[in-house]
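Being a predicted model, the structure only gives us computed values, none of them experimental. Starting from 1, each residue takes its place in the sequence as its number. FYI, side chains are in, hydrogens and waters are out, and symmetry mates aren't considered; it's all heavy atoms of this structure.
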Amino acid sequence: MTTPDAGNLTFSTHVFADNGSGQYDVIAFTGGKKVSDCITLFFLFDKKTSVGEEIALQNCHFGLSLSSNSEDYASELTSGHIYLKDKSSNRLILQFKDACFTTVRGEYRLSGNLILTPTDN
């Protein structure tokens with residue numbers, strides 16, 4: 001992920017859960033210790049999404065977890081796409097293609113694959 005003020009960051013935690021209502025919960029976290037490098041991405045998407053299909057984000061939250069500024073958060077993609085590249089019971093692979101979230105700080109761009117493992121919860 002490219003950021004406007006913390007350079008390039010990667011997600012150190014990336015998990016998914018089956019929430020029991022036909023959706024996957026996706027949670028990714030950078031694990032930083034400062035406002036600018038502590039970023040959380042959370043969203044839901046339909047379990048019926050087919051491999052290769054673009055994900056329709058639901059209840060999306062992208063933001064700087066340690067910030068108290070309400071403008072340091074986004075609830076939708078500004079541009080780009082997220083696809084379901086692969087899925088099984090023990091992993092999901094999401095493909096980000098120039099996916100952009102915009103906050104008051106600027107644009108956060110995600111490109112590449114994110115491999116998610118199931119959470120215990």
Side-chain angles (χ1 to χ4, degrees):
M1 168 182 13
T2 60
T3 70
D5 54 1
N8 293 334
L9 298 175
T10 58
F11 291 114
S12 60
T13 301
H14 27 89
V15 296
F16 75 94
D18 180 346
N19 69 16
S21 66
Q23 297 176 315
Y24 289 119
D25 294 346
V26 171
I27 303 167
F29 179 67
T30 60
K33 296 182 180 180
K34 300 179 287 188
V35 169
S36 62
D37 67 0
C38 185
I39 298 171
T40 301
L41 171 62
F42 169 81
F43 61 87
L44 305 173
F45 76 95
D46 194 319
K47 286 179 63 177
K48 294 179 185 174
T49 303
S50 300
V51 170
E53 188 177 354
E54 185 167 4
I55 291 171
L57 300 180
Q58 300 170 20
N59 296 334
C60 181
H61 174 86
F62 176 91
L64 285 76
S65 307
L66 300 178
S67 177
S68 60
N69 183 342
S70 64
E71 295 181 334
D72 276 339
Y73 299 91
S75 60
E76 61 187 10
L77 283 174
T78 309
S79 62
H81 308 277
I82 305 172
Y83 297 94
L84 180 59
K85 187 171 182 179
D86 192 26
K87 73 176 172 178
S88 68
S89 61
N90 62 353
R91 78 174 188 176
L92 296 176
I93 301 177
L94 306 184
Q95 183 178 39
F96 292 80
K97 289 193 174 183
D98 204 25
C100 180
F101 293 96
T102 303
T103 74
V104 70
R105 293 173 184 256
E107 294 182 343
Y108 295 79
R109 293 199 173 270
L110 292 80
S111 291
N113 294 334
L114 184 63
I115 299 171
L116 304 158
T117 55
T119 181
D120 294 333
N121 299 350

Taking the side chain as everything from C-beta on, heavy atoms only, tell me whether T3 gets closer than 4.5 Å to I39.
yes
Going only through I, L, V, M, F, W and Y residues with side-chain contacts under 4.5 Å, is there a path from L57 to L84?
yes
Would you say S111's side chain and D98's backbone share a donor-acceptor pair under 3.5 angstrom?
yes
Same apolar cluster: V15 and L110, side chain cutoff 4.5 Å
no
Kindly indicate whether the side chain of K87, heavy atoms from C-beta on, has any atom under 4.5 Å from the side chain of V51.
yes
Would you say the side chain of R105 lies within less than 4.5 Å of the side chain of L64, judging by non-hydrogen atoms?
yes
Please report the closest heavy-atom contact between A56 and F45, naming both atoms and the distance.
O-CB, 3.8 Å
What's the shortest heavy-atom distance between H81 and A99, and which atoms?
O-CB, 3.9 Å
Would you sort out whether K85 and N113 count as a side chain to side chain contact (heavy atoms under 4.5 Å, CB included), showing the intermediate values?
CA-CA 8 Å; K85 187 171 182 179; N113 294 334; 2.9 Å; yes
Would you say D72's side chain and S68's backbone share a donor-acceptor pair under 3.5 angstrom?
no
Shortest non-hydrogen contact from S89 toward P118:
O-CG, 4.0 Å
Could you please spell out the steps behind the side chain to side chain contact (heavy atoms under 4.5 Å, CB included) verdict for F43 and L41?
CA-CA 7 Å; F43 61 87; L41 171 62; 4.0 Å; yes
Side chains of L114 and F96, heavy atoms from C-beta outward: is any pair under 4.5 Å?
yes
Between F101 and L77, is there a side-chain heavy-atom distance shorter than 4.5 Å?
yes
May I ask you to test the K34-L66 pair for a side-chain heavy-atom distance under 4.5 Å?
no
Could you name each residue pair satisfying side-chain hydrogen bond (donor to acceptor under 3.5 Å, both in side chains) that touches residues 56-66, not counting sequence neighbours?
Q23-Q58, T40-S65
Can you check whether T102's main-chain N or O pairs, donor with acceptor, with T78's side chain at less than 3.5 Å?
yes
Do F62 and Y108 have their ring centres less than 6.0 Å from each other?
yes
If I compare all heavy atoms of N69 with all of Y73, which pair ends up nearest, and what's the gap?
O-CE1, 3.4 Å
Can you give me the closest heavy-atom contact between A6 and S36, atom names plus distance?
CB-O, 3.4 Å
Test of understanding: with side-chain contact (heavy atoms from CB on, under 4.5 Å), list the residues that count as partners of S88, not counting sequence neighbours.
N90, R91
Mind checking what makes ring-ring contact (aromatic ring centres under 6.0 Å, His included) contact with F16, not counting sequence neighbours?
Y24
Any V26 side-chain heavy atom under 4.5 Å of L116 side chain:
yes
Is any side-chain heavy atom of H14 closer than 4.5 Å to a side-chain heavy atom of I27?
no
Which one of D46, L94, L44 satisfies the side-chain contact (heavy atoms from CB on, under 4.5 Å) criterion with I55?
L94
Donor-acceptor pair, distance only, cut-off 3.5 Å: does the side chain of S12 make one with the backbone of F29?
yes
R109 and S79: which non-hydrogen atoms are nearest, and at how many Å?
NH1-OG, 3.7 Å
E107/T2 under side chain to side chain contact (heavy atoms under 4.5 Å, CB included): CA gap, chis, key distance, verdict
CA-CA 8 Å; E107 294 182 343; T2 60; over 6 Å; no
